[in-house]
Undergrad: 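Okay, here's the structure, questions in a sec.
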Amino acid sequence: MNSKSPMGQGFARYRSAGIASIERRLFLRQGLSLGALALLSGCRSSDELQVETLLRAISGWNDRVQGWLFDPGKLAPEYPESAITRPFPFNAFYGEEAVPRIDTAHYRLELAGLIRERKPWSLTELYALPQVSQVTRHVCVEGWSAIGKWSGTPFRIFLERIGADTTAKYVGFECEDNYYTSIDMASALHPQTLLAFRYADQILPAKYGFPMKLRVPTKLGFKNPKHIRAIYVTNKYPGGYWEDQGYNWFSGS
Ligand SMILES: Nc1nc2c(c(=O)[nH]1)N[C@H]1C(S)=C(S)[C@@H](COP(=O)(O)O)O[C@H]1N2
Ligand SMILES: [Mo]
């Protein structure tokens, strides 16, 4: 993807940040099922070959992910609109039929923790904030990626507007579907991190996270919460839905 190949450097940095643990988990899961398969077929001699092929695939997948995520300029790559993936994939920890339906008029974004002005925000108020657009690549830990266009308010501006303590360690998110995640403050303040209200110039469709998602192009997809109900600032490690099941918490550049 990146012609200048920041891969070596990025890969090393990413590994030190802990992707190795995801790789181990994947290997364990896949390795076990391969083992079970071998038992069933009574063919254990092909195990090692299969495992090797699998490891190569994982490693190649890792390399691709590093390539998509890391950029020497530290900004995530931006793309022309012609590069947008159509249709853009849906993903959640449930199927598309279970996507939450949120009522525009009654919705309020709740704020908590180390924030000076914690009044809830209506969608009308949120839509009146300054808006910018970005075409970036979303990289899912499951091994797919897609380019999309999101518009919204630079999260840094929102955090400043509400008087968030930007010296705190974490920003946490709670979602209408009970998903939750959290990011480091540096990533929250990153110039490309958006509180996004639109996808492809339209009000965010339900499946992509209505009424808003945090778009963090420097991080893996699962660090991009959809259907945000509450945002809080804290120094106490908040974890996350996938993070608490062992996925690397930082998962980004
Ligand atoms: N609220 C909520 N946010 C979520 C998820 C979820 O299940 N619920 N899944 C995450 C994962 S793993 C991915 S890959 C992206 C998918 O976003 P998309 O539907 O816009 O492709 O949302 C992330 N944010
Ligand atoms: Mo994902």
Side-chain angles (χ1 to χ4, degrees), residues 14 18-19 21-23 25-26 29 58 61-62 64-66 68-69 76 79 83-103 107-110 123 126 133-152 155 170-183 187-188 192-232 238-253:
Y14 200 59
I19 187 78
S21 67
I22 299 178
E23 198 177 332
R25 284 171 57 86
L26 270 173
R29 207 170 66 203
I58 291 174
W61 164 74
N62 253 338
R64 279 198 302 283
V65 173
Q66 312 317 316
W68 295 326
L69 284 180
Y79 299 85
I84 291 172
T85 307
R86 296 192 170 89
F88 192 83
F90 160 82
N91 195 34
F93 65 92
Y94 44 78
E96 206 172 314
E97 70 293 339
V99 162
R101 304 281 149 179
I102 292 148
D103 173 46
Y107 174 86
R108 294 292 181 275
L109 173 67
E110 306 285 338
L123 281 177
L126 289 163
S133 294
Q134 268 169 24
V135 179
T136 51
R137 184 186 290 277
H138 170 114
V139 181
C140 176
V141 73
E142 288 166 23
W144 56 270
S145 87
I147 294 173
K149 180 179 183 183
W150 290 272
S151 311
F155 195 44
Y170 308 107
V171 183
F173 302 86
E174 281 173 13
C175 307
E176 298 280 356
D177 55 3
N178 293 324
Y179 189 82
Y180 62 104
T181 187
S182 55
I183 61 171
S187 296
Q192 290 172 310
T193 300
L194 295 186
L195 193 57
F197 307 111
R198 287 176 175 261
Y199 180 77
D201 301 316
Q202 306 297 316
I203 293 291
L204 206 60
K207 63 177 176 175
Y208 298 143
F210 183 83
M212 84 197 69
K213 74 176 277 177
L214 193 76
R215 178 61 194 139
V216 194
T218 56
K219 285 194 185 290
L220 290 176
F222 74 90
K223 308 295 292 183
N224 289 236
K226 306 194 285 186
H227 317 291
I228 300 170
R229 163 175 69 204
I231 298 177
Y232 59 100
Y241 180 89
W242 291 115
E243 295 87 334
D244 293 350
Q245 296 176 54
Y247 283 90
N248 170 245
W249 177 75
F250 195 83
S251 284
S253 63

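Counting starts at 1 for both ligands and their atoms, following the listed order.
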Undergrad: Among all protein heavy atoms in this structure, tell me which lies nearest to atom 24 (N) of ligand 1, with the distance rounded to 0.1 Å.
TA: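 The protein heavy atom lying closest is Asn224 O, 2.9 Å.
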Undergrad: Does a donor on one side chain and an acceptor on the other come within less than 3.5 Å for Ser182 and Trp249?
TA: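 Side-chain D/A pair, Ser182 to Trp249: present.
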Undergrad: Quick one: does any side-chain atom of Ser151 pair with a main-chain N or O of Asp201 as donor and acceptor, under 3.5 Å?
TA: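 Flag not set: sc Ser151 to bb Asp201 has no pair under 3.5 Å.
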Undergrad: How about Leu195 and Ile231: do any of their side-chain heavy atoms sit closer than 4.5 Å?
TA: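 When only atoms from C-beta onward are counted, Ile231 and Leu195 do touch, with a gap below 4.5 Å.
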Undergrad: State the atoms of ligand 1, each with its element, that fall below the 4.0 Å cut-off from a heavy-atom position in Cys140.
TA: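 So the answer, numbered in order with elements, is 14 (S).
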Undergrad: Can you tell me which residue and heavy atom of the protein come closest to atom 16 (C) of ligand 1, and the distance to 0.1 Å?
TA: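 Of the protein heavy atoms, Asn91 O, 3.4 Å lies nearest.
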Undergrad: Starting from atom 7 (O) of ligand 1, locate the nearest protein heavy atom and write down its residue, its atom name and how far away it is, to 0.1 Å.
TA: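 The closest one turns out to be Phe93 N, 3.0 Å.
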Undergrad: Is it the side chain, the backbone, both or neither of Tyr179 that has a heavy atom closer than 4.0 Å to ligand 1?
TA: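 Under 4.0 Å from ligand 1, Tyr179 contributes side-chain atoms alone.
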Undergrad: Looking only at distances, please establish whether an N/O atom of ligand 1 is found under 3.5 Å from an N/O atom of Phe88.
TA: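 No, there is no polar N/O contact under 3.5 Å.
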Undergrad: Classify the ring geometry of Tyr199 against Phe88: parallel below 30°, tilted from 30° to 60°, perpendicular beyond 60°.
TA: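 Correct class here is tilted.
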Undergrad: Hey, is Cys175 touching ligand 1 through its side chain, its backbone, both or neither, going by heavy atoms under 4.0 Å?
TA: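 Answer for Cys175: side chain.
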Undergrad: Please report the C-alpha distance between Val99 and Phe90 in whole Å, then the side-chain angles of each, then the deciding distance to 0.1 Å, and finally whether the side-chain contact (heavy atoms from CB on, under 4.5 Å) criterion is met.
TA: CA-CA 10 Å; Val99 162; Phe90 160 82; 3.5 Å; yes
Undergrad: Kindly confirm or rule out an N or O of Tyr208 lying under 3.5 angstrom from an N or O of ligand 1.
TA: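 No, there is no polar N/O contact under 3.5 Å.
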Undergrad: Using heavy-atom distances, let me know which of Ala146, Ser145, Gly221 sits nearest atom 13 (C) of ligand 1.
TA: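 Looking at heavy atoms only, the winner is Gly221.
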Undergrad: Can you tell which of Arg215, Lys223, Lys226, Lys213 gets a heavy atom nearest to atom 22 (O) of ligand 1?
TA: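 When every heavy atom of Arg215, Lys223, Lys226, Lys213 is considered, Lys226 comes closest to atom 22 (O) of ligand 1.
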Undergrad: Do the ring planes of Tyr241 and Tyr180 sit parallel (below 30°), tilted (30 to 60°) or perpendicular (above 60°)?
TA: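 Perpendicular, since the angle between the ring planes exceeds 60°.
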Undergrad: Check this for me - ligand 1, His138, N or O atoms closer than 3.5 angstrom, yes or no?
TA: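 Looking only at distances, the answer is no, because the N/O contact criterion of under 3.5 Å is not met.
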Undergrad: Any donor-acceptor pair under 3.5 Å linking the side chain of Lys226 with the backbone of Cys175?
TA: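 No, because the side chain of Lys226 does not come within donor-acceptor range (under 3.5 Å) of the backbone of Cys175.
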Undergrad: For ligand 1, which part of Pro89 has a heavy atom less than 4.0 Å away: the side chain, the backbone, both, or neither?
TA: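 For Pro89, only backbone atoms sit under 4.0 Å from ligand 1.
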Undergrad: When you measure from the side chain of His227 to the backbone N and O of Phe210, does any donor-acceptor pair fall under 3.5 Å?
TA: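 Judged by distance alone, yes, a pair lies under 3.5 Å.
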Undergrad: For atom 8 (N) of ligand 1, what's the nearest protein heavy-atom neighbour? Residue, atom name and distance, please.
TA: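 Going atom by atom, the protein heavy atom closest to atom 8 (N) of ligand 1 ends up being Asp177 OD2, 2.8 Å.
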Undergrad: Under 3.5 Å, is there a donor-acceptor pair between the side chain of Gln192 and the main chain of Ala76?
TA: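 Yes; at least one donor-acceptor contact below 3.5 Å.
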